[in-house]
Protein chains: 2
Amino acid sequence: MTAKDTRAPQLARLAGLVADETRAVCLLALLDGRAWTAGELARHAGVAASTLSGHLGRLVAGGLLAEERQGRHRYVRLAGPQVAQLLEDLAAQVAPEAAARPRTLRESTAGSAMARGRTCYDHLAGRLGITLTDALTERGLLSQDAGFALTEAGLRWFGAVGIALDRKGRRPLVRACLDWTERRSHLAGVAGAALCRHALDTGWCVRIGSERAVKVTPSGERALGELLGIEAAALR
Amino acid sequence: MTAKDTRAPQLARLAGLVADETRAVCLLALLDGRAWTAGELARHAGVAASTLSGHLGRLVAGGLLAEERQGRHRYVRLAGPQVAQLLEDLAAQVAPEAAARPRTLRESTAGSAMARGRTCYDHLAGRLGITLTDALTERGLLSQDAGFALTEAGLRWFGAVGIALDRKGRRPLVRACLDWTERRSHLAGVAGAALCRHALDTGWCVRIGSERAVKVTPSGERALGELLGIEAAALR
DNA sequence: CGCACACTTCGGTCCGAACCGAAGTGTGCG
DNA sequence: CGCACACTTCGGTTCGGACCGAAGTGTGCG
């Protein structure tokens with residue numbers, strides 16, 4: 001027996017946290033970037049509150065979730081962008097086979113709203129995310145030659161639009177995130193998150209219901225038309 | 001109960017493959033990019049051959065491993081760069097806590113050889129990987145402004161040295177891979193793999209024993225000094 | 001041929017963990 | 001104060017899967 005890799009036990013433990021379907025459902029739900037209560041997750045996953053309580057304990061102890069107690073509520077959210085990135089990577093790995101037909105009409109319409117535009121942890125995804133990524137690329141603001149990278153013009157563009165980019169952390173400025181519905185990469189990383197936040201703050205986009213789906217508002221259509229030359233029809 | 005994400009079951013199944021310590025040991029061993037026989041892996045992991053046979057069956061069925069039967073041997077290797085990337089990402093997530101002290105002297109010396117230089121699936125890692133990455137960056141061949149990217153000069157450099165870069169596949173030309181021992185990113189992706197292959201093919205580096213560890217040869221020191229201005233002392 | 005070897009299949013044991021309902025703790029509101 | 005509600009803890013059941021050794025299959029070599 002040669003020297004085993006010392007990381008194996010911890011790697012197995014980490015994977016084990018995702019390796020349960022109930023926990024996987026929760027983690028994917030939390031990819032919307034918001035905090036959910038334990039009860040909401042229990043109903044979403046279809047298990048008893050007591051069962052879910054145990055799962056949350058494990059996920060928090062394992063460092064995947066951060067929790068915040070407010071009164072009688074226990075709010076949990078993903079512990080950080082690294083966790084979201086990890087889940088997105090894992091999900092992208094299985095996405096090819098996961099392109100299954102939705103069952104009910106309700107799921108179908110909800111699915112098509114999700115396909116049009118949604119948030120992916122903290123950035124924009126779906127056709128909306130791809131459209132934005134393509135527009136940035138066409139205008140020479142984003143380079144896709146060797147991985148994603150912001151060009152000089154791209155950096156200026158963010159500044160001109162009034163979107164601040166925090167370059168201090170370890171998180172990459174831009175990152176490609178493989179889109180689940182479009183099968184193509186969209187903009188993630190610090191810039192992707194800042195753009196998404198700006199879009200929601202300024203009313204370019206609004207969330208639909210309580211899900212991850214988002215839609216572009218009329219003012220958003222105007223702004224994106226002016227700033228990136230995107231035609232309104234491409235956003236619907 | 002809102003509509004569950006259809007990817008959850010498959011996500012859990014995928015994670016479940018990594019969620020066993022014995023399988024994790026095997027997967028990390030296979031990160032050396034080579035094919036191992038079932039028996040070698042069984043001895044490495046310290047379990048009975050029959051037990052390991054079952055594990056290999058699951059990993060192959062799950063798409064993480066590719067197998068090749070030759071006579072009475074069953075060779076397995078990682079199914080592709082995506083799998084290696086996934087494992088590296090997962091391992092990087094736990095690496096911070098995994099910086100444990102080695103137990104025995106044998107592990108200690110083996111560990112320090114690994115820290116000096118090793119392969120990480122198909123590219124170079126350890127201090128050697130970092131040194132190369134830094135040298136490429138200093139000379140303006142690699143940009144680290146917003147994620148990793150090859151510059152125009154970098155593309156020319158690879159051509160001049162005689163390293164062909166296959167840009168056809170879906171794999172990114174360059175990619176940052178978080179180094180387990182150095183806690184910094186080194187060069188991965190198509191260019192990282194091509195550089196590693198070239199280094200081994202031309203004798204710049206040789207593998208030490210049967211492990212992932214590699215060392216730079218005298219001819220390698222000369223070549224890297226000429227091509228990248230790396231001092232020989234930095235490679236020892 | 002027959003033995004050694006690599007791997008697989010099978011039967012059986014054992015442990016961990018996912019689940020539920022019931023009872024308990026703590027919070028907020030009328 | 002007392003009830004409703006959100007969550008947690010506990011006991012008990014059930015199920016999957018990791019493991020081993022023994023027996024079976026197939027390959028290569030003398």
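Note that these values count all heavy atoms, side chains included, but never hydrogens, waters or copies made by symmetry. Letters go in sequence order (proteins before strands), and every chain restarts at 1.
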Problem - B:T37 side chain to B:H73 backbone, donor-acceptor under 3.5 Å - result: no

Exercise for the section: Calculate the interatomic distance between B:L52 atom CG and C:dA6 atom C1'; express it in whole Å. Expected result: 12 Å

Practice task
Write down the distance between CZ (A:R13) and P (C:dG16), rounded to a whole number of angstrom.
Solution key: 16 Å

Practice task
May I have the distance from A:L17 (atom CG) to C:dG16 (atom C1'), rounded to whole angstrom?
Solution key: 15 Å

Problem - Contact check, side chains of A:L124 and A:T119, non-hydrogen atoms, under 4.5 Å - result: yes

Handout entry: Per-nucleotide protein contact string for nucleotides 25-30 of chain D (B base, S sugar-phosphate only, - none; heavy atom under 4.0 Å)
Key = -BBS--

Handout entry: Spacing of A:E21 atom CD relative to C:dA17 atom P, expressed in whole Å
Key = 18 Å

Handout entry: Validation row: A:V18, B:L14 side chains within 4.5 angstrom (heavy atoms)
Key = no

Practice task
Taking only the side-chain nitrogens and oxygens of B:T22, find out if one of them lies under 4.0 Å from OP1 or OP2 of D:dA18.
Solution key: no

Fill in the blank from the handout: Rounded to whole Å, CD of A:E67 lies from P of D:dC7 at a distance of 12 Å

Practice task
May I ask you to check whether B:R118 and B:T181 show a side-chain donor-acceptor distance below 3.5 Å?
Solution key: yes

Problem - salt_bridge(B:R34, B:E40) N-O dist < 4.0 Å - result: no

Handout entry: Close side-chain approach of B:R58 to B:L64, heavy-atom, < 4.5 Å
Key = no

Problem - Interatomic distance where CG belongs to B:L41 and P belongs to D:dC19 [whole Å] - result: 13 Å

Problem - Sidechain-backbone polar pair: B:R23 side chain, B:L17 backbone, donor-acceptor under 3.5 Å - result: yes

Handout entry: Check: A:G220 main-chain N/O paired with A:T217 side-chain donor or acceptor under 3.5 Å
Key = yes

Fill in the blank from the handout: With B for base contact, S for sugar-phosphate-only contact and - for none (protein heavy atoms under 4.0 Å), nucleotides 10-16 of chain D reads -------

Exercise for the section: Verify the contact: side-chain N or O of A:H55 to OP1 or OP2 of C:dC19, cut-off strictly under 4.0 Å; return yes or no. Expected result: yes

Exercise for the section: Would you write the dot-bracket representation of DNA chain D, where each base gets (, ), [, ], | or . depending on whether it forms a Watson-Crick or G-U pair under 3.5 Å and with which partner? Expected result: ||||||||||||||||||||||||||||||

Problem - Phosphate-side-chain proximity, A:R74 and D:dT8, N/O vs OP1/OP2 below 4.0 Å - result: yes

Fill in the blank from the handout: Heavy atoms of A:Y121 and A:L30 approach each other most closely as CD1-O, 4.5 Å

Handout entry: Rounded interatomic separation in angstrom, taking CG from A:L56 and P from D:dT8
Key = 7 Å

Handout entry: Donor-acceptor contact below 3.5 Å, side chain B:D5 vs main chain A:V25
Key = no

Exercise for the section: Give the rounded distance in Å between these two atoms: CG of B:L65 and P of C:dC7. Expected result: 14 Å

Handout entry: Minimum-distance nucleotide (side-chain atoms of A:H73 versus C:dC7, D:dA6, D:dT8)
Key = D:dA6

Handout entry: From C:dC20, C:dA18, D:dC19, nucleotide with atom closest to B:T51 side chain
Key = D:dC19

Exercise for the section: Classify the nucleic acid contact of B:A38 as base, sugar-phosphate or nothing, counting any heavy atom under 4.0 Å across all strands shown. Expected result: sugar-phosphate

Practice task
State whether the number of non-hydrogen atoms from other residues, nucleotides or ligands found under 6.0 Å of B:R197 atom CZ is greater than 12.
Solution key: no

Practice task
Ignoring backbone atoms, test whether A:R69 places a side-chain nitrogen or oxygen under 4.0 Å from the OP1 or OP2 oxygen of D:dT8.
Solution key: yes

Handout entry: Parallel, tilted or perpendicular, as decided by the 30° and 60° cut-offs, for the rings of B:W204 and B:H198
Key = perpendicular

Exercise for the section: Would you indicate, yes or no, if D:dT8 has its OP1 or OP2 atom less than 4.0 angstrom from a side-chain nitrogen or oxygen of A:S53? Expected result: yes

